[in-house]
Amino acid sequence: MLIIKSPVEKTIELDHDIYLLKIRCPEIAGIIKPGEFLNIRVSESMYPLLRRPFSVCDVEGDDLCLMFNIFGEGTRMLSRKHKGDLIDILGPLGKGFNIEGDYDTAVIVGGGLGAAPFPYLTRRIGSRKNIFTFIGGKTHRDVITYGMKNVSTATDDGSKGFKGTVVELFKSRFSEFRGTKMKIFGCGPNAMLRSLKEFCIANDLECEVSTECVMACGFGICQGCPIESTEHPEKYFLVCKDGPVFNVNDVVL
Amino acid sequence: MSKVDLSVNIGPLKLRNPILLASGTVGYGNEISEFTDLNKLGGIITKSLSLRPRKGNPPQRIVETPAGMLNAIGLANVGVEVFLKEKIPFLKKYDVPLICNIAASTIEEYVECTKILTEEETIKAFEINVSCPNVREGGLQFGNDVSAVGKITAKVKAVTGKPVIIKLSPNVSYIADFARAVKENGGDAVSAINTLVGTSFNIFSRKPKIYNVNGGLSGPAIKPIALAKVLEISRNVDIPVIGSGGIMDWKDVVEFMIAGSSAIQLGTINFIDPSAPGKILEQLEEYCIKYNISKISDLTASYII
């Protein structure tokens, strides 16, 4: 865990209100793993007061890439950063995806901005495994496929790719993967993760999901981000420290 | 060796400097130790401990508000037994006064917790939380009742020889009445203030943003209120006050001390910059050197009104 002020290398508007921010930060770029996150202080003023968590979208050499949409004042301010502006980063934080292990096909399932951690996951898995990616959104404007491989898309309104949810798309293509050893990587809205979990349990598939929760500190002291544990209902996990990536069987979604 | 005497006394409790880390903003010390040298601090105050472990409230527990945040964690904690077994060994490695914050649903539970914890020599004092706004039982129900606060003070004092600090609620009309009850019942100091009750709604769903509906407001937004409460106690009751509420930098520390605080607690700032406590301490010392303040305790209640 470091607190570091690093310069913006580039701000790119990927799509309407969806941004990619590249920050030159070799200290964190060299150690961060896919699925881990950064807690960013957007401004030194009191508005916004708290840091904002962003999963690492990609690492390109010394650059950390973050992907976000404009959601509130914090992300609006971040989208207006220029080359050389310093970004106050706390990270790397949390537990990321486990890309090692006994599988030959990685199936990535992302909903909306839930696709954010997957470019880096794709990069780190590299050519060691087969990768198939399913990305969904409400409309074509919510489908982000930046930095991903073998992508199939789904939209609720049918404006791009399969008409339906991304999990329905995955189900419809599932037979193609029979006979391979699969591992599923999911990230997206809770309803999507729930239906992904159901499907993975029914088909006995190994699955890790990246979860989300409002948090303040990002490293365990504020206790602001509980998520229900399957095995220990008497206590919560913390999304920031025990996650944000969990084995799908370990958490109640 | 420091040129400035930064040490302060909170009744019988001697601290090397006035910087304490507030309960609920440092966990049990281990995470923040990565950013701040605990050995340099005046002390740390643990997350509220209860007799049995508490799961806390479901999410959403936190929402940001202008210059502040609301939290409704619901006193999630490991309970005294696990604390003693699993958390104390880490804290023992440090030479920093450890103050245990205790939360309870009944007066008996406060007493029972104190009895168990007072045996542990690493614990130097207790801070009794009679003012948590986020739980159904205990918490504010005690914090709003002068005679209950007096009774808890007396009963806890009866089972420990260590200093007892009562953490007061700002959600009362006259906080000095509560500080007086603490003093009259043998309490050693008061912490002022705990968070203010607040809420926030999603204007589209019309639902509260926080699961618990209400949360406790902290951060710079509450600083003027906290200062006024510290001042009120300082002008009316002869009891040491540990000031807290939205302290973000060394200037805020000085302001709280001038208003009547013997020491202060850093809270919300730890979430934003966990390295802040060390920096604030250094800057505080620089301020004292620059303005020829040889004893920082001279600042306490040095207001000119």
Side-chain angles (χ1 to χ4, degrees), chain A residues 1-5 39-53 71-75 77 88-94 190 211-229 231-244 251-253, chain B residues 21-36 47-48 52-79 82 209-211 215 218-221 223 246 248-249 267-276 279:
Chain A
M1 271 197 293
L2 300 165
I3 301 177
I4 197 162
K5 284 186 181 155
N39 214 2
I40 288 185
R41 191 172 185 187
V42 175
S43 151
E44 289 203 356
S45 76
M46 288 174 191
Y47 187 65
L49 182 69
L50 302 173
R51 290 174 182 270
R52 296 284 183 272
F71 186 74
E73 199 45 42
T75 41
M77 288 164 91
D88 182 338
I89 309 173
L90 168 60
L93 300 170
N190 236 9
T211 59
E212 213 177 22
C213 189
V214 176
M215 59 181 71
C217 68
F219 58 98
I221 58 172
C222 77
Q223 303 265 320
C225 55
I227 184 167
E228 199 87 45
S229 151
E231 203 183 332
H232 298 285
E234 75 286 359
K235 59 182 181 190
Y236 285 111
F237 286 128
L238 292 180
V239 168
C240 73
K241 217 180 146 187
D242 302 310
V251 285
V252 180
L253 294 165
Chain B
L21 303 189
S23 177
T25 68
V26 288
Y28 304 106
N30 47 343
E31 293 92 353
I32 205 154
S33 67
E34 291 201 33
F35 301 102
T36 281
K47 173 82 188 147
S48 284
R52 311 251 170 270
R54 290 182 81 127
K55 189 178 179 185
N57 295 327
Q60 183 171 340
R61 289 178 171 180
I62 280 178
V63 62
E64 181 165 336
T65 56
M69 61 177 275
L70 289 165
N71 87 80
I73 309 302
L75 299 177
N77 80 94
V78 297
V82 173
K209 288 183 182 168
I210 287 188
Y211 178 90
S218 66
K223 194 185 92 173
M248 298 292 280
D249 57 29
T268 302
I269 183 68
N270 300 329
F271 300 153
I272 301 161
D273 181 3
S275 67
K279 285 188 262 184

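Chain identifiers are assigned alphabetically (A, B, ...) following the order of the sequence lines, protein sequences preceding nucleic acid strands; residue numbering begins at 1 within each chain.
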Quiz prompt | Check ion pair B:Glu64-A:Arg52 (N to O, under 4.0 angstrom) | solution = yes
Practice problem: Taking atom CD of A:Glu231 as the centre, report whether more than 12 heavy atoms of other residues, nucleotides or ligands fall under 6.0 Å from it. | Solution: no
Quiz item: Counting heavy-atom pairs under 4.5 Å to chain A, which of B:Ile62, B:Thr25, B:Ile272 comes out on top?
Solution: B:Ile272
Practice problem: Determine the option with the most heavy-atom pairs under 4.5 angstrom with chain B, choosing from A:Val239, A:Leu90, A:Ile227, A:Ile3. | Solution: A:Ile3
Quiz item: Out of curiosity, B:Asn57 CG to A:Tyr236 OH, how far, rounded to the nearest 0.5 Å?
Solution: 7.5 Å
Quiz item: What part of B:Glu34 gets closer than 4.5 Å to chain A, counting heavy atoms only: side chain, backbone, both or neither?
Solution: side chain
Quiz item: Side chain, backbone, both or neither: which part of B:Ser275 has a heavy atom under 4.5 Å from chain A?
Solution: both
Quiz prompt | Part of A:Gln223 within contact of chain B (heavy atom distance under 4.5 Å) | solution = both
Quiz item: Given the options A:Cys213, A:Cys225, A:Pro226, A:Pro233, which has more heavy-atom pairs under 4.5 Å with chain B than any of the others?
Solution: A:Pro226
Practice problem: Please round to the nearest 0.5 Å and tell me the distance separating atom CG of B:Asn270 and atom CD1 of A:Ile221. | Solution: 5.5 Å
Quiz prompt | Residues which pass salt bridge (Lys or Arg N to Asp or Glu O under 4.0 Å) with A:Arg41, listed by chain and number, not counting sequence neighbours | solution = none
Quiz item: Which answer fits B:Phe35, side chain, backbone, both or neither, if we ask what part of it has an atom under 4.5 Å from a heavy atom of chain A?
Solution: side chain
Quiz prompt | Toward chain A, the part of B:Pro58 with a non-hydrogen atom under 4.5 Å | solution = both
Quiz item: Shortest non-hydrogen contact from A:Gly220 to B:Glu31?
Solution: O-OE2, 4.1 Å
Practice problem: Check whether any side-chain heavy atom of B:Lys55 sits under 4.5 Å from a side-chain heavy atom of A:His232, and report yes or no. | Solution: no
Quiz item: By a 4.5 Å heavy-atom criterion (distance strictly below it), what part of B:Thr65 contacts chain A: side chain, backbone, both, or neither?
Solution: neither
Quiz item: Which residues in residues 44-51 of chain A have a heavy atom less than 4.5 Å from any heavy atom of chain B?
Solution: A:Met46, A:Pro48, A:Leu49, A:Leu50, A:Arg51
